[in-house]
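Values below: all heavy atoms of this structure, side chains included; hydrogens, waters and symmetry mates excluded.
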Number of protein chains: 2
Amino acid sequence: MPERDHSAAIGPIYLRVRDHIADQIEQGLLQPNSRLPSERVLAESNNTTRVTARLALAQLEAEGRIYRSNRRGWFVSPPRLVYNPTEDYSFSENVMAQGRTPATETLEVTPTEVTAWLASKTGLAEGDSLVRLRRRRQVDGRPVLVENIYLNARRLPGIERFDFNRSLWKLLREHYGLELVRKQIEMFPTALIDPQAEALGVTAGTAGLYVTRCSRDQDGCFVEFDEEFWLHDTLSIQVEVG
Amino acid sequence: MPERDHSAAIGPIYLRVRDHIADQIEQGLLQPNSRLPSERVLAESNNTTRVTARLALAQLEAEGRIYRSNRRGWFVSPPRLVYNPTEDYSFSENVMAQGRTPATETLEVTPTEVTAWLASKTGLAEGDSLVRLRRRRQVDGRPVLVENIYLNARRLPGIERFDFNRSLWKLLREHYGLELVRKQIEMFPTALIDPQAEALGVTAGTAGLYVTRCSRDQDGCFVEFDEEFWLHDTLSIQVEVG
DNA sequence: AAGTGGTCTAGACCACCAC
DNA sequence: TGGTGGTCTAGACCACTTG
């Protein structure tokens, strides 16, 4: 983590409120996943208004130190999940290896076609058939990402009949003898808007990280395009190279 | 880019204002780096108040579609810079290859020592000597990142005497015969706070991407630890893996 | 000097959640 | 039903940038 500037108590009210709460979190007075005082209480105890209290909370949310649960309150963010998108991996195993509890829900499995946008990403021709898979994944009961996966139906006959609440990468290996070669990974910070915000139970505009991966087999044949929408405070990307 | 939900005009005012502005940007009515109408004008033309207009602007900012320049106004974000942190590379060359104009300013060069935090990152012992380098980098005149670089003074004798407004990677190669081996890369979205926010001329709490890289030579000897603070709307990470 | 965003007040009503 | 955040109003003064 970048080191925090612990100097000067001067400046806007909302920054002083922010630092006050941040200190309580650092000192362990507020434990991960515990609830903060309500906005009205924070406003009153800092002799200010709700608007200003919300400015302070928005700062901490942007830093990834707290998160909100729709109309239930503000909570202290637990440590970020370490994630290496360059590796074939099992979400569940990765989460458990970090002492957390994973869960996966399959929201949708639909046959679909390559759109112009997907054609540019995959190199397939527009209209080629795909299977679209939409999943939500949780860590310790909190949804942390939704993903849209587009599978090459021609390359993976019968794929739509499997149980997708397990590791897709293992399924491809065991049933199709595939070793995936991750070809292109792209990611950037952006806001989560509907329908992703809704699926995650957060307000539109919540900060997120958008990650895509385009995978091929050993022959360069397109297998899978994966589009992930993460809540921004839930992950730390870590990659080793060289 | 994730595909946008272009449905339903129902819902909160600020989301309708957001979508209205977003459409204007997509249709090219508002060009990259051009100024949006002022908050007061946006409020009035949408029959609402400044607070609500600012909510809409905050949404677009979180998506990375607009950015603000301190007390000057809101501007349309230009395309994201494509960046591959796994490669040794020259910032300037990368920016120019994408048809943009780079600039680098060296803010600070100071001898310093390994702190507990740096020791955990680098494997050096606390108190070992380092050279700390702080730089700000711009694209088309807009600052997009500040970075703190910690160089192994023992491994790089005389390093403090060089001109740091050029490619550090080339300097290490040409003057020390070093090929860097990027060992560990870490990144996550977080807010930019002081002193980074100040160096970039943005308000505290602006969304950013924090990237660190720890590099070693062929013998595994620590050479450089790099800590970058990017404005979140300015970059797209793209990595290819084998 | 005029205009901009930055900060702040003091309220209000609504939708949703837990009890 | 009472408490939570979500949304919204109608102002105000300040700090800074620009002409």
For this session: Before accepting this row, confirm whether a basic side-chain N of the pair A:E160/A:R132 lies closer than 4.0 Å to the acidic partner's carboxylate O.
Result: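 Salt bridge between A:E160 and A:R132, a charged N being under 4.0 Å from a carboxylate O: no.
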
For this session: Identify whether the distance between the nearest side-chain nitrogen and carboxylate oxygen of B:D226 and B:K121 falls below 4.0 Å.
Result: no

Distance, rounded to the nearest Å, where [X] contributes [atom1] and [N] contributes [atom2]:
X	N	atom1	atom2	result
A:E39	C:dC16	CD	C1'	14 Å
B:N46	D:dT7	CG	P	16 Å
B:R35	D:dT17	CZ	P	15 Å
A:R72	D:dG6	CZ	P	12 Å
B:R18	D:dC8	CZ	P	12 Å
A:L60	D:dG5	CG	P	14 Å
B:L42	C:dG3	CG	P	17 Å
B:L36	C:dT4	CG	P	13 Å

For this session: Give a yes-or-no answer on whether the side chains of A:W74 and A:E39 include a donor-acceptor pair shorter than 3.5 Å.
Result: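 There is such a pair (donor and acceptor under 3.5 Å, judged by atom type) between the side chains of A:W74 and A:E39.
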
Exercise. Does a side chain donor of either A:E186 or B:S236 reach within less than 3.5 Å of an acceptor in the other side chain?
Worked result: yes

Exercise. Relative to the 5' end of DNA chain D, which residue comes earlier, B:T48 or B:N70, by the nucleotide with the nearest heavy atom?
Worked result: B:T48

Problem set entry | Axial cation check for A:F75 ring with A:R68, 6.0 Å and 45° limits |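 No, A:R68 and A:F75 do not form such a contact.
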
For this session: For A:L15 and for A:R71, find the nucleotide of DNA chain C with the closest heavy atom, then tell me which residue's nucleotide is more 5'.
Result: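 Per heavy-atom nearest nucleotide, the more 5' residue is A:L15.
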
When we call it a touch if two heavy atoms are under 4.0 Å apart, what does [X] touch: a base, just sugar-phosphate, or nothing?
X	value
B:L55	nothing
B:S38	sugar-phosphate
A:R54	base
A:S69	nothing

Exercise. Taking only N and O in the side chain of A:T52, is any of them less than 4.0 Å away from OP1 or OP2 of C:dT9?
Worked result: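 So the side-chain polar atoms of A:T52 do come within 4.0 Å of the phosphate oxygens OP1 or OP2 of C:dT9, strictly under.
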
Exercise. What about B:R40, does its side chain sit under 3.5 Å from the base of C:dG5 through a donor-acceptor pair?
Worked result: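 Donor-acceptor pair under 3.5 Å: yes.
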
Problem set entry | No-H, no-angle donor-acceptor pair, B:R50 side chain to C:dG6 base, under 3.5 Å |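 Present.
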
Taking only the side-chain heavy atoms of [X] (C-beta and beyond), determine which of [options] contains the nearest atom.
X	options	answer
B:R68	C:dG6, D:dG6, C:dC8	C:dG6
B:Y14	C:dA18, D:dG6, D:dT9	D:dG6
B:I13	C:dG5, D:dG6, D:dC8	D:dC8

Seminar exercise, completed: Under a 3.5 Å limit on both distances, the Watson-Crick or wobble mate of C:dC19 is none

For this session: Quick one: sort the A:F91 and A:W230 rings into parallel, tilted or perpendicular, breaks at 30° and 60°.
Result: tilted

